[in-house]
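Just below is one structure, and these are the notes that go with it.
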Amino acid sequence: MKSQLAELLAQAVAVLKTQAVIPADLEPRIQLENTRDKAHGDLASNLAMMLAKPAGKKPRDLAELIVQAIPENNLVTKVEIAGPGFINFFLSSASTTSIVQNVLAQAEKYGHNESGEGRKVQVEFVSANPTGPLHIGHGRGAAVGDSICRLLAATGWDVTREFYYNDAGQQINNLALSVQARAKGLTPEDPSWPDDGYRGDYIIELAESFMKGETVSAADQEFTGTGNADDLDAIRKFAVAYLRHEQDLDLKAFDVNFDVYFLESSLYKDGKVEEAVQTLIENGYTYEDGGALWLRTTDFGDDKDRVMRKTDGGYTYFVPDVAYHLNKWQRGFVNVINEQGADHHSTITRVRAGLQALNKGIPEGWPSYVLHQMVTVMRGGEEVKISKRAGSYLTLRDLIDEVGCDATRFFLAARKADSQLTFDIDLARSQSADNPVYYIQYAHARVCSIFRKLKSENLSWDKEQAQASLSKLELESEKEIMVKIGRFPEVVNLAASNHEPHVIANYLRDLAGDFHAWYNNEKTLVEDTELRNARLALAEAVRIVINNGLDLLGVSAPAEM
RNA sequence: GCGCCCGUAGCUCAAUUGGAUAGAGCAUCGGCCUUCUAAGCCGAGGGUUGCAGGUUCAAUCCCUGCCGGGUGCGCCA
């Protein structure tokens, strides 16, 4: 719709160029925007205001000339010049009803497109350390990351979802030591409790399971507890497998799946870390100082150089990260999006610097990142402090159990990632009816209910019949809904290209509102067959859009509530 | 001190990448169930978009400087 109208405007510009009203060498960008106020029509262009200066005319006068130069068409019924020089277009009935036809024809594909052209994109998200259950921050990453994947897939990308396990660092030692301490009956209050030990209760369960000789299996590994509290290596392996298994369950409960689980330890095992370090040394970006090996990250915009290899011979955390991202690049992922918590944002400069220093032709600014800000959890009007080490814990699974998967996902994805989010458990739990996700799902269920009613009254409806009757949709409220669902593909594109799932949530809230209002004011199952068929078509179109939109958020669209 | 994010109604958040009179929900107040699901609808009140400048036809959005909140700044990960 928009592109067709833009084409008409382009033609008008061409005409005015031949009349020398507009300088011939000017190539204006035709902008059409959706109006906020329906008094301004359905679509508006600022063309006249942008061209006023080069044309040497007043915006409104120029707008007049542009309008006169627009070719005959059946898209719009009225064109108005308003305000400082806006050109407002009022869509014709033929235009709006064609939207409904389009939605019904494309059904679950409506809103999708092929602009990604099947190109590969990798999205890395969650990537929690296997040192504890997933908490609400991981939940935000999971909800946002998974939704970005769904958006990219819907716009024609070949998406790979990847989870990176930091299973090789110092934190794993701390984990093993903590489990060992519990296995030996120590508590965090004990003087010999490990310095950076994990204090959560789940460590107790883990230790018990190990001592009992239970077998745990995660995606690609399995390990049986030996029951020997002195065997730290066995404890380490068991603990990692155990917690990965727990995280698998968390993700399953959240309906988030990954294509690839990448182990940091494999980078060491395969010599990839060493390889990357050698390359950096050969490329001359390193130096020794104080017994450590440094990377000259300041050559790439960092504010100070960074240690790569400590005096104890171990690598700092970002070195395997560089090796890991080189691996992504070598797997052919020209497009990589990393979704992670904003508290780790300082790694971005380092990883990118390391990749540049490798001289492998990796573009500056690769990979791209989506950072989500912190989630504050409120309960009983007070902030719930979450700390693995302190032991106070609210897991993602607790939350899903309390609030439900749909509401949790919606809530965590419905806000812009780069602003902090407050998750009020009491609100989400005790007043679940007030949760916005139900409002949208309810609209979907209501449409389904209408069709059930139709059936129970032995009436029927089909797409073909409806096509001929759409001109019966004459109400202003109906036109508004048609225009709104006509914008859905554009909203999907915007959300996908900006990696902003929350845009979908806002759109759905808005559409559901229009639908509920219409539903309350106008009866769908009326005597007049043509009008009934037309309204059923509109209701079905709304249902399709809500279904498709909720799917992009990973939220279900129930037929009954 | 330096980097990044944020600051919009009492609260939680939007605002179609610079558009026209800044919008929703919750909360408050008043109406609507004999009618396709009241998890709904209709109406009312609620704002100097943190402050001060700048850029232009037009600024919540871009630039500069302040103020406030968050987060990061280790040979931790």
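Being a predicted model, the structure only gives us computed values, none of them experimental.
Residue A/Lys453 is in sugar-phosphate contact alone, with no base atom involved, counting any heavy-atom pair closer than 4.0 Å across all strands shown. A/Asp167 comes within 4.0 angstrom of no nucleic acid atom, judged by non-hydrogen atoms across all strands. The residue A/Ala82 sits close to a base: some heavy atom pair falls under 4.0 Å. Using a 4.0 Å heavy-atom distance criterion, A/Asp514 is classed as making no nucleic acid contact. Among the protein residues, A/Ala539 comes within range of no part of the nucleic acid, since none of its heavy atoms lies under 4.0 Å from any strand. Using a 4.0 Å heavy-atom distance criterion, A/Ala559 is classed as a base contact. When heavy atoms are screened at a 4.0 angstrom cut-off, A/Gly290 is found touching base atoms of the nucleic acid.
For A/Tyr519 and B/G40, the ring-to-base geometry does not satisfy the stacking test (centroid distance below 5.5 Å, interplanar angle below 30°). Between A/His40 and B/A20, a base-stacking contact is recorded: ring centres under 5.5 Å apart, planes less than 30° from parallel.
To the nearest angstrom, P of B/C5 lies 17 Å from NE2 of A/His499. Put simply, NE2 on A/His344 is 10 Å from C1' on B/C76, counting in whole angstrom units. When the C1' atom of B/A58 is taken as reference, atom CD of A/Gln31 falls 13 Å away, rounded to whole Å. Rounded to whole angstrom, the span from the NE2 atom of A/His372 across to the C1' atom of B/U71 amounts to 12 Å.
The pair A/Arg352-A/Glu364 does not meet the salt-bridge criterion, since no charged nitrogen lies less than 4.0 angstrom from a carboxylate oxygen.
Remark: RNA chain B forms stems of 3 or more consecutive Watson-Crick or G-U wobble pairs, all pair distances under 3.5 Å, at B:1-7 with B:67-73, B:10-13 with B:23-26, B:28-32 with B:40-44, B:50-54 with B:62-66.
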Do any side-chain atoms of residues 288-301 of chain A form donor-acceptor pairs under 3.5 angstrom with protein atoms, and if so which ones, sequence neighbours left out?
from, atom 1, to, atom 2, distance (Å)
A/Trp294, NE1, A/Asp289, O, 3.2
A/Thr297, OG1, A/Asp302, OD2, 3.1
A/Thr297, OG1, A/Lys304, O, 2.9
A/Thr298, OG1, A/Asp305, OD1, 2.6

Quiz: residues 341-351 of chain A side-chain donor-acceptor pairs under 3.5 angstrom, not counting sequence neighbours:
from, atom 1, to, atom 2, distance (Å)
A/His345, ND1, A/Ala342, O, 3.2
A/Thr347, OG1, A/His344, O, 2.9
A/Arg350, NH1, A/Tyr317, OH, 2.9

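Checked by atom type, the side-chain pair A/Asn34/A/Asp42 shows no donor-acceptor distance below 3.5 Å.
Between A/Trp366 and A/His325, the two ring planes are perpendicular [angle over 60°; tilted spans 30° to 60°].
Taking syn as a glycosidic angle within 90° of 0, B/U48 does not qualify and is anti. B/C33 shows a glycosidic angle within 90° of 0 and is accordingly assigned syn.
Remark: A/Arg446 is in phosphate contact with B/A38, judged by side-chain N or O atoms under 4.0 Å from OP1 or OP2.
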Check your understanding: Going 5' to 3' along nucleotides 7-16 of chain B, which nucleotides have protein heavy atoms under 4.0 Å from the base (write B), which only from the sugar-phosphate (write S), and which from neither (write -)?
Key -> -----SSSSB
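Annotation: salt bridge (Lys or Arg N to Asp or Glu O under 4.0 Å) contacts of A/Lys416 (sequence neighbours excluded): none. Not a single side-chain hydrogen bond (donor to acceptor under 3.5 Å, both in side chains) links A/Glu530 to another residue, sequence neighbours left out.
Within a 6.0 Å radius of NZ in A/Lys484, other residues, nucleotides and ligands contribute more than 12 heavy atoms. Within a 6.0 Å sphere centred on CD of A/Glu457, heavy atoms belonging to other residues, nucleotides or ligands number more than 12.
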